[in-house]
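Right, one structure below, let's go through it.
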Amino acid sequence: MAGWNAMEQARHIPAGVDPAKPAPARIYDYLLSGENNFEADREAADRITAVVPEIRDCAWANRGFHQRAARWIARRGIRQFIDIGSGLPTVRNTHEVVQAVNPQCRVVYADNDPMVREQAGELLTGRADVRVILGDLRDPDGMLANPDLRALIDFGQPAGLLMTAVVHFVADSYDPHRLLRRYLDVLAPGSYLALSHLTDDQKPPRAVDEFRHAFDHATEQVHFRSKAEIGRFFTGLELVAPYQPGTRGRLCYAGDWGAVDQALADSDGSRWLYCGVARRPQPPLSPAAEAPRAPG
C-alpha cells in the first residue's frame, strides 16, 4: 500500500487495526521512541511537534507521573491495579514498577487498540499475575464484567485505578465525569485513582488548534479541559500529597507530582497535563452505628 515502508508491509497487523489511521496508543509510542507505530502515527505526531515542540517532553512527563504514582500506591499496600488506556509496552511498564515494590501485585491492562493486546500479550504469555484485555473506557459495564479482569481483581479489596492521558479522548457527549464515577463506585474504600489529562489552560490558541486537528482523522479525537473541569474527576475523593502523609494533596502539572527535583520537573511539556492521585475514603458511619449502646 502507498505510504508504507517495507517493515510495515511485512509486519503482522491485528484485525481491527487500520495502519492508515493514526491511533493514540501508537502516537504515544512514537513520542516515547517506540517502534510499534505506522507512518500515519508518525505524521500525526510530527504535525503536533511542529507547533508544540515540547510534546515529546509532555509524553515523558506523563510516563514519569504514571510510574511514580503506581509505585507510590503500591507502597501504600495496594496489591491490585487496573491500568486503563495502558498503551503499547514501553520502558518500565506498570507491572514491572509495582512488582518491584511487592512481587505479589497483580495488574490488568486495558486498551481499545487491538495492537496493544497483541503486543502486550506476546510479552506476557504464561504469566498468571498480569492480564491484557481489549476494552473501551466508554463502556464501563463491559470493561468491569470482563472475565480476565475479574479473574485478577477482587473488588472487595482496595485497588489502584490508573487513567493517565486517556480521559481526554472521551468527548463531553459521553459525560466523562459520570463514566469515571462508574469505575470508582465499584472500587473498595481505600482504593486510589491516578489520573492525568491534557489542558489548554494558558496555551497558545494556534498550538491548541493544531494539536487538536492532528487527531481529526485518528481513531480518537482529543478534548482539552480546564483545571476546574479536570478537578471534578476527583470529586468525593481525597487528593493525596506524595511526600507529606496526612497532608491534603492538590492538582498539579504532570512533572511535579512526586518529582525529586520539582524545579527541573516543571518543564513546558509537563504543563500540558494536570494530574493528581486520590484515595477513596471510608464511608461515614451511619447514626445507628455511631450511637452508643444502652447498658444491658
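Numbering starts at 1 and runs along the sequence shown.
For I153, the side-chain contact (heavy atoms from CB on, under 4.5 Å) test picks out Q80, I82, V108, L149, F155, with sequence neighbours left out. D266 meets the side-chain contact (heavy atoms from CB on, under 4.5 Å) test with Y253, D256, R271; sequence neighbours excluded. Every residue two or more places apart in sequence or in another chain that forms a ring pair (Phe, Tyr, Trp, His ring centres under 6.0 Å) with H177 is listed here: F233. With sequence neighbours left out, Q202 forms a side-chain contact (heavy atoms from CB on, under 4.5 Å) with no residue at all. Residues passing the ring pair (Phe, Tyr, Trp, His ring centres under 6.0 Å) test with H223: none are found, sequence neighbours excluded. With sequence neighbours excluded, the residues that form a side-chain contact (heavy atoms from CB on, under 4.5 Å) with D141 are D139, R182.
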Original post:
Given N37 and R42, is the side chain to side chain donor-acceptor pair (under 3.5 Å) satisfied, shown in steps?
Top reply: CA-CA 7 Å; N37 50 75; R42 297 189 287 275; 2.7 Å; yes

Original post:
When you look at L180 and V170, which way does the side chain to side chain contact (heavy atoms under 4.5 Å, CB included) test go after all the steps?
Top reply: CA-CA 11 Å; L180 184 59; V170 179; over 6 Å; no

**OP:** Mind running side chain to side chain contact (heavy atoms under 4.5 Å, CB included) on L184 and L237 for me, showing each step along the way?
**Re:** CA-CA 10 Å; L184 294 172; L237 305 177; 3.9 Å; yes

**OP:** Show your reasoning for whether side chain to side chain donor-acceptor pair (under 3.5 Å) applies to S196 and H66.
**Re:** CA-CA 8 Å; S196 60; H66 179 99; over 6 Å; no

Subject >> Worked verdict on Q157 versus I78 for side chain to side chain contact (heavy atoms under 4.5 Å, CB included) >> reply: CA-CA 9 Å; Q157 298 296 321; I78 301 300; over 6 Å; no

**OP:** Take R225 and D200 through the salt bridge (Lys or Arg N to Asp or Glu O under 4.0 Å) test and state the conclusion after the steps.
**Re:** CA-CA 6 Å; R225 294 187 171 96; D200 54 0; over 6 Å; no

Original post:
Yes or no on side chain to side chain contact (heavy atoms under 4.5 Å, CB included) for R71 and V98, after CA distance, side-chain angles and deciding distance?
Top reply: CA-CA 5 Å; R71 183 183 303 110; V98 299; over 6 Å; no

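Sequence neighbours left out, the pairs with a member in residues 43-55 that pass salt bridge (charged side-chain N to carboxylate O under 4.0 Å, His left out) are R47-E210. Listed by first and then second residue, the salt bridge (charged side-chain N to carboxylate O under 4.0 Å, His left out) pairs that reach into residues 190-199 come to none, sequence neighbours excluded. Applying the salt bridge (charged side-chain N to carboxylate O under 4.0 Å, His left out) test to pairs two or more places apart or on separate chains, those with a residue in residues 143-156 are R131-D148.
Side-chain heavy atoms closer than 4.5 Å link hydrophobic residues (I, L, V, M, F, W, Y) into clusters, and following such links, possibly through other members, connects L144 to Y174. One hydrophobic cluster, built from ILVMFWY side chains closer than 4.5 Å, cannot hold both V101 and W257; they sit in different ones. Cluster annotation: V107 is not connected to L161 through the hydrophobic network of ILVMFWY side chains, with a link wherever side-chain heavy atoms come within less than 4.5 Å. By the rule that hydrophobic residues join a cluster once side-chain heavy atoms approach within less than 4.5 Å of another member, V166 and V186 end up as members of one cluster. Residues L239 and F65 do not share a hydrophobic cluster, clusters being chains of Ile/Leu/Val/Met/Phe/Trp/Tyr side chains in contact below 4.5 Å.
L32 places none of its side-chain heavy atoms less than 4.5 Å from the side chain of D29. Within the 4.5 Å cutoff, no side-chain heavy atoms of L251 are placed close to those of C275. Counting heavy atoms from C-beta outward, L162 and L195 have side chains that stay 4.5 Å or more apart. Two residues are said to be in side-chain contact when any heavy atoms from C-beta on lie closer than 4.5 Å; V277 and Y192 meet this criterion. Counting heavy atoms from C-beta on, the side chains of Y28 and D41 never come closer than 4.5 Å. A 4.5 Å side-chain heavy-atom check between N112 and L137 finds every atom pair outside the cut-off.
In this structure, CG on D201 lies 8.5 Å from CD on E229, to the nearest 0.5 angstrom. We find the CZ-CZ distance between R279 and F234 to be 15.5 Å, quoted to the nearest 0.5 Å. Note: S270 OG to D57 CG = 7.0 Å, rounded to the nearest 0.5 Å. Atom OH of Y274 and atom NZ of K227 lie 5.0 Å apart (nearest 0.5 Å). In this structure, L88 CG and E118 CD are separated by 10.5 Å, a value rounded to the nearest 0.5 Å. Distance check, rounded to the nearest 0.5 Å: OG1 of T164 to CG of D83 gives 6.0 Å.
Through direct or relayed side-chain contacts under 4.5 Å between Ile, Leu, Val, Met, Phe, Trp and Tyr, V260 connects to Y243. Applying the under-4.5 Å side-chain rule to Ile, Leu, Val, Met, Phe, Trp and Tyr, the cluster around I27 extends to L31, I48, V51, V52, I55, F169, L198, V208, F211, F215, V222, F224, W272, L273. Through direct or indirect side-chain contacts shorter than 4.5 Å among Ile, Leu, Val, Met, Phe, Trp and Tyr, V97 is connected to no other residue.
Judged by distance alone, the side chain of Y109 and the main-chain N or O of H95 form a donor-acceptor pair under 3.5 Å. Side-chain atoms of N93 never come within 3.5 Å of backbone atoms of E96 as a donor-acceptor pair (strictly under, hydrogens ignored). Judged by distance alone, with hydrogens and angles left aside, the side-chain atoms of R280 form a donor-acceptor pair with the main-chain N or O of L187 at under 3.5 Å. Remark: the backbone N or O of T235 is paired with a side-chain donor or acceptor of R181 at under 3.5 angstrom. Between the Q99 side chain and the C105 main chain, a donor and an acceptor come within less than 3.5 Å of each other.
The shortest non-hydrogen separation linking S86 to V116 is OG-CG1, 4.0 Å. Here the closest heavy-atom approach between residue S191 and residue P158 is recorded as OG-CA, 3.3 Å. Looking at every heavy atom in both residues, A61 comes nearest to G255 through CB-N, 4.4 Å. Here the closest non-hydrogen pair linking R26 and P19 is NH2-CA, 4.5 Å. Minimum heavy-atom separation, T219 to A23: OG1-CA, 3.4 Å. Scanning both residues, Q104 and N102, for their nearest heavy atoms gives N-OD1, 2.7 Å.
One finds no salt bridge joining E220 and K21 here, because no Lys/Arg side-chain nitrogen approaches an Asp/Glu carboxylate oxygen to under 4.0 Å.
With a 6.0 Å cutoff to the six-membered ring centre and a 45° limit on the axis angle, R68 does not count as a cation-pi contact of W72.
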